[in-house]
Amino acid sequence: MSNIRLYINQALHIGEQILFSEEDSHYLCNVMRLKDGEEILCFNGKEGEFRIVLTQVNKKTCEGEVLSQTQPFRSSPDIWLLFAPVKKDKTDFIIEKATELGVNKIIPVITQRTISDKVKKERFCAQAKEAAEQCRRLDVPQIEDAVSLEKYLTAWPKERALFFMDESGEGISAKEAFLAHQGKPAAVLVGPEGGFAKEEMEKIRQKEQAVSVTLGPRILRAETAVAAALSVWQATVGDWNEQGEKD
Ligand code: SAH
């Protein structure tokens with residue numbers, strides 16, 4: 001079997017016929033040069049992962065049939081990432097790493113110092129899909145439309161801890177913060193390259209669910225802060241502690 005793995009937005013049940021999108025058909029036919037009879041893996045964020053045999057490989061419309069289930073569905077942990085988009089390649093890095101590190105939802109937020117013309121939702125979705133396929137997740141993180149941070153915070157869900165990555169050094173350690181809110185829905189907020197404005201920090205700190213967190217004595221780049229915060233969350237209270245199913 002090829003090690004190709006695709007996210008598709010279709011029901012997956014044994015015996016079901018699959019009609020691949022034009023984009024996926026192009027990938028299977030022209031890029032990977034697969035032939036009829038070859039097998040791939042597909043997941044849809046709902047039913048798990050399945051083995052598919054290709055029955056018709058064409059440039060525009062590939063077809064397949066679901067043969068068997070390879071993994072039951074498991075959703076990613078209930079952690080969101082709120083980040084201020086940075087330069088293109090660094091934002092791509094953030095989306096890719098956040099997906100690999102298992103976030104459930106990604107919310108691009110516009111802060112005072114965010115360069116808002118860098119928000120390209122379609123590109124973010126494509127990055128997340130590709131990263132999810134590669135890292136063997138069973139779902140793709142949901143990507144929200146970019147929104148002003150201030151506005152998003154006004155409707156902040158009551159039960160969700162908001163871990164605010166605070167470069168001022170005044171916060172508590174990430175490990176301590178995450179452990180204190182173990183088992184609760186969570187979100188990590190990372191600021192833009194230029195950092196948060198003073199009054200912005202004040203507003204965030206005033207939120208009842210906000211917890212100021214430090215990531216140590218060095219100032220990290222936004223993309224490093226994202227990867228560091230999510231790694232510590234996963235290692236302390238997330239799914240790095242669960243027994244994984246490996247093949
Ligand atoms: N220009 C700012 C740094 C911004 S770093 C300055 O020099 O102060 C971008 C973002 O990464 C910050 O807004 C913060 O959310 C996060 N970050 C960077 N280093 C951090 C640290 N040591 N602790 C917590 N958050 C950090």
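Heavy atoms only: backbone and side chains are in, while hydrogens, waters and symmetry mates are out. Sequence positions, counted from 1, serve as the residue numbers for this chain. Being a predicted model, the structure only gives us computed values, none of them experimental. Indexing begins at 1, ligand by ligand and atom by atom, following the structure's order.
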Side-chain donor-acceptor pair present, T70, R51, cut-off under 3.5 Å: no
Residue, atom name and distance, where the atom is the protein heavy atom closest to atom 9 (C) of ligand 1: P192 O, 3.2 Å
salt_bridge(E150, K203) N-O dist < 4.0 Å: yes
Side-chain touch L149/L189, heavy atoms, less than 4.5 angstrom: yes
Protein heavy-atom partner closest to atom 16 (C) of ligand 1 - residue, atom, separation in Å: A225 CB, 3.6 Å
Interfacing atoms of ligand 1 (cut-off 4.0 Å, heavy-atom, G194): 1 (N)
Distance-only N or O hit between ligand 1 and R221, under 3.5 Å: no
Atom 10 (C) of ligand 1 [closest protein heavy-atom partner, distance rounded to 0.1 Å]: G191 O, 3.5 Å
For atom 15 (O) of ligand 1, closest protein heavy-atom neighbour: M165 O, 2.7 Å
Least distance between heavy atoms, H13 atom then V66 atom: O-CB, 3.2 Å
Heavy-atom check, side chain of I106 versus side chain of I94, under 4.5 Å: no
Ion pair check, R205 and E170, cut-off under 4.0 Å: yes
Taking atom 22 (N) of ligand 1 as the reference point, the nearest protein heavy atom with its distance: R218 O, 2.8 Å
Pair D139-S75, side-chain donor/acceptor within less than 3.5 Å: no
Closest protein heavy atom to atom 8 (O) of ligand 1, given as residue, atom name and distance to 0.1 Å: E167 CG, 3.7 Å
Identity and distance of the protein heavy atom lying nearest atom 18 (C) of ligand 1: L220 O, 3.1 Å
Ionic contact status for R136 with E49, cut-off 4.0 Å: no
Distance from atom 1 (N) of ligand 1 to nearest protein heavy atom, with residue and atom: E193 O, 3.0 Å
Exercise: identify the closest heavy-atom pair between I143 and A128: CD1-CB, 3.9 Å
For ligand 1, the portion of A229 having any non-hydrogen atom under 4.0 Å away: neither
Distance filter under 4.0 Å to G216 heavy atoms, resulting ligand 1 atoms: 22 (N)
Which of the ligand 1 atoms, numbered from 1, are nearer than 4.0 Å to a heavy atom of I219: 3 (C), 19 (N)
Polar proximity ligand 1 side, V213 side, N/O cut 3.5 Å exclusive: no
Subset of ligand 1 atoms that lie under 4.0 Å from at least one heavy atom of F196: 13 (O), 15 (O)
Aromatic plane relationship, F83 with F124 - under 30° parallel, 30 to 60° tilted, over 60° perpendicular: tilted
